[in-house]
2 protein chains.
Amino acid sequence: MTAADRVYAIIKQRILDGQYPANSYIREATIGQELELSRTPIREALRRLVSDGWVEVIPHHGARVVSWTQRDVEEVFELRVLLEPQVVRRAASRIDPSRLDSLGELACHMEQLCERGDDLAIDEIAGLNNRFHAELITAADSPRLQRLLEAIVQVPVSRRSFHHYSGEELHSSMRHHREIIRALAAGDGEWAASVMRAHILAARAAQLHPPAR
Amino acid sequence: MTAADRVYAIIKQRILDGQYPANSYIREATIGQELELSRTPIREALRRLVSDGWVEVIPHHGARVVSWTQRDVEEVFELRVLLEPQVVRRAASRIDPSRLDSLGELACHMEQLCERGDDLAIDEIAGLNNRFHAELITAADSPRLQRLLEAIVQVPVSRRSFHHYSGEELHSSMRHHREIIRALAAGDGEWAASVMRAHILAARAAQLHPPAR
DNA sequence: ACGAGAAGAGTTGTATACCATTTTAGGTTA
DNA sequence: TAACCTAAAATGGTATACAACTCTTCTCGT
């Protein structure tokens with residue numbers, strides 16, 4: 001792994017952490033001094049972040065962390081509704097039993113955390129949920145589909161999404177996981193895709209129209 | 001236009017020409033000497049080509065021209081079947097009359113060329129067809145959808161695709177264009193999406209199973 | 001003869017430097 | 001007060017030198 005790769009990962013992580021807030025500028029010299037690197041690998045990392053849509057460049061002024069509007073969130077959900085069902089549609093005919101098992105374990109773990117229901121548990125669920133989706137993408141065995149999803153499913157959107165869920169919505173999400181596993185085990189891609197579609201649309205509804213609590 | 005821009009264009013052209021064959025390595029120093037530039041702008045051009053999917057970088061080993069397998073082509077069509085209908089689904093409720101007019105002109109122009117039927121005309125049709133799809137994407141007004149499509153619809157796939165068409169397939173493609181325009185004029189996104197889906201699936205069939213001629 | 005390991009060539013990765021361009025802030029002047 | 005000018009600071013583009021890595025090949029020991 002080269003220095004530019006590391007810088008890319010570090011900056012991305014800091015954007016996710018909120019350490020680099022939206023609309024803030026990332027100074028090449030500043031981060032270069034901090035990591036004890038020259039501007040060269042920093043610049044390369046920033047270019048990649050630009051082409052991946054994490055930051056935007058204002059000419060002669062710098063690299064600014066992009067800010068997300070409501071419209072951006074809607075655009076992402078619109079695309080996820082198309083692509084994530086395709087993931088499981090493919091996975092249904094390709095997944096092997098061992099991966100089904102690990103999906104089951106993830107679902108089980110998430111359900112247990114769901115019973116606790118506190119904020120920390122919800123954070124953990126978010127992490128496990130990401131792993132769940134990542135396993136599915138691997139099972140789908142389509143590098144391009146994976147790349148597209150990674151390009152649009154910015155974690156800023158999904159990271160704290162479960163905090164928008166009501167208890168009912170959270171349980172519903174868990175049931176979706178189980179049903180997707182059953183559909184995959186049955187090798188039924190359309191069934192799995194339908195559940196996934198509902199899963200994403202439910203997430204969208206929770207995100208866009210947070211229930212009063 | 002910077003030197004890096006020129007290098008980008010030159011390398012891309014050479015890949016299309018076959019001057020840089022698939023799986024061959026593009027040496028930074030070699031092309032640098034040839035164009036009398038340092039490695040810096042060449043590197044930047046290569047990085048851009050990587051993010052556009054034309055070449056891939058093996059760390060410490062070099063930039064290799066990507067090779068397309070049958071599977072890659074299938075993957076791309078699978079994604080286009082999902083995304084391109086979404087383009088027109090959105091466009092149906094957003095397109096304005098002037099753009100409908102220019103789509104009509106493009107369709108008209110393509111139909112005239114279609115009557116000629118020689119190889120040169122078919123090349124021209126390919127260019128106009130790209131413009132047709134580009135207009136639709138603009139009308140869809142979704143930067144992310146646009147980015148995803150640009151990321152997967154590599155010209156190596158679409159460039160010579162019309163040469164695979166039989167006369168019947170070519171005329172069918174022209175009728176699809178007209179029907180998409182009618183559906184958009186009617187503001188019916190699902191109609192337009194269905195035709196587009198057929199349009200892409202027809203292209204896929206022509207590409208994957210060339211008819212005996 | 002054969003495998004392990006080292007040396008070397010070739011290539012990419014990074015540091016540093018230079019100048020141009022542009023923006024911003026601050027100060028000056030009418 | 002307002003317009004203008006200037007200098008500082010940052011990026012943008014490129015060149016060059018050196019460091020680090022990979023792969024190949026050749027040697028050496030068994």
Side-chain angles (χ1 to χ4, degrees), chain A residues 1-68 143 147 150, chain B residues 1-15 17-67 143 147 150:
Chain A
M1 190 193 268
T2 68
D5 291 331
R6 281 193 297 275
V7 175
Y8 175 88
I10 289 171
I11 296 179
K12 194 156 146 182
Q13 189 57 50
R14 289 186 178 177
I15 294 174
L16 294 180
D17 291 346
Q19 198 171 340
Y20 291 154
N23 289 318
S24 68
Y25 284 90
I26 302 174
R27 300 288 170 206
E28 296 176 358
T30 308
I31 190 169
Q33 287 172 351
E34 182 193 338
L35 302 177
E36 294 184 324
L37 290 168
S38 76
R39 278 173 62 202
T40 310
I42 312 287
R43 288 181 62 159
E44 185 178 325
L46 284 175
R47 295 299 156 92
R48 265 157 65 191
L49 287 162
V50 167
S51 87
D52 289 358
W54 294 87
V55 305
E56 57 191 342
V57 158
I58 283 82
H60 293 102
H61 191 73
R64 186 172 61 180
V65 179
V66 299
S67 73
W68 285 67
R147 250 191 58 203
E150 283 169 357
Chain B
M1 191 192 263
T2 69
D5 291 331
R6 283 192 297 276
V7 175
Y8 174 88
I10 289 170
I11 295 179
K12 193 156 145 182
Q13 191 56 49
R14 290 186 177 178
I15 293 174
D17 290 344
Q19 198 171 339
Y20 292 154
N23 288 317
S24 67
Y25 282 90
I26 302 174
R27 298 297 171 199
E28 297 175 356
T30 307
I31 190 169
Q33 285 172 355
E34 182 193 337
L35 302 177
E36 294 184 326
L37 290 167
S38 78
R39 283 172 49 212
T40 312
I42 280 91
R43 281 179 68 87
E44 185 177 330
L46 284 175
R47 294 306 145 98
R48 259 191 270 169
L49 288 162
V50 166
S51 87
D52 289 357
W54 295 91
V55 306
E56 56 192 342
V57 156
I58 286 90
H60 291 106
H61 192 70
R64 186 170 60 182
V65 179
V66 299
S67 75
R147 254 189 52 207
E150 283 169 357

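Given the structure is predicted, the values throughout are model-derived calculations rather than measurements. In what follows, chains carry the letters A, B, and so on, assigned in the order in which the sequence lines appear, proteins first and then strands, with residues in each chain numbered from 1.
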Quiz prompt | For Glu150(A), side chain to side chain contact (heavy atoms under 4.5 Å, CB included) partners two or more places apart | solution = Gln146(A)
Quiz prompt | side chain to side chain donor-acceptor pair (under 3.5 Å) against Gln13(A), all qualifying residues, sequence neighbours excluded | solution = Asp17(A)
Within the sub-3.5 Å range, which N or O atoms of nucleotides 10-13 of chain D have a protein N or O partner, and how far apart are they?
residue: dA10(D); atom: O3'; partner: Arg27(A); partner atom: NH1; Å: 3.4
residue: dT11(D); atom: OP1; partner: Glu28(A); partner atom: N; Å: 2.9
residue: dG12(D); atom: N7; partner: Arg39(A); partner atom: NH2; Å: 3.3
residue: dG13(D); atom: N7; partner: Arg43(A); partner atom: NH1; Å: 3.1

Quiz prompt | 5' precedence on DNA chain C between Tyr25(B) and Thr40(B) (nearest-nucleotide basis) | solution = Tyr25(B)
Self-check item: Partners passing salt bridge (charged side-chain N to carboxylate O under 4.0 Å, His left out) against Arg147(A) (at least two apart in sequence or in another chain)
Solution: none
Quiz item: Which pairs pass salt bridge (charged side-chain N to carboxylate O under 4.0 Å, His left out) with one or both residues in residues 55-66 of chain B, sequence neighbours excluded?
Solution: Glu56(B)-Arg64(B)
Quiz item: Considering residues at least two apart in sequence or located in another chain, which fulfil the side chain to side chain contact (heavy atoms under 4.5 Å, CB included) criterion with Ala4(B)?
Solution: Thr2(B), Pro41(B), Glu44(B), Arg48(B)
Exercise. Taking salt bridge (charged side-chain N to carboxylate O under 4.0 Å, His left out) as the test, write out the residues that go with Arg14(A), two or more places apart.
Key: Glu34(A)
Using a cutoff of under 3.5 Å, can you pull out all pairs of nitrogen or oxygen atoms linking the protein to nucleotides 6-8 of chain D, with atom names and distances?
none

Self-check item: Any residue meeting side chain to side chain contact (heavy atoms under 4.5 Å, CB included) with Pro59(B), in chain and number order, not counting sequence neighbours
Solution: none
Quiz item: Which is the 5'-most and which the 3'-most nucleotide of DNA chain C that has an atom under 4.0 Å from a heavy atom of chain B?
Solution: dT11(C) to dT14(C)
Quiz item: Who passes side chain to side chain contact (heavy atoms under 4.5 Å, CB included) against Arg43(A), sequence neighbours left out?
Solution: Glu28(A), Arg39(A), Arg47(A)
Exercise. Send over the distance from Glu36(A) CD to dA19(D) P, rounded to a whole Å.
Key: 18 Å
Self-check item: Residues that Arg27(A) engages under salt bridge (charged side-chain N to carboxylate O under 4.0 Å, His left out), provided they are two or more places apart
Solution: none
Quiz item: Can you name the one residue among Leu46(A), Val65(A), Ile11(A), Leu16(A) that meets side chain to side chain contact (heavy atoms under 4.5 Å, CB included) with Trp54(A)?
Solution: Leu16(A)
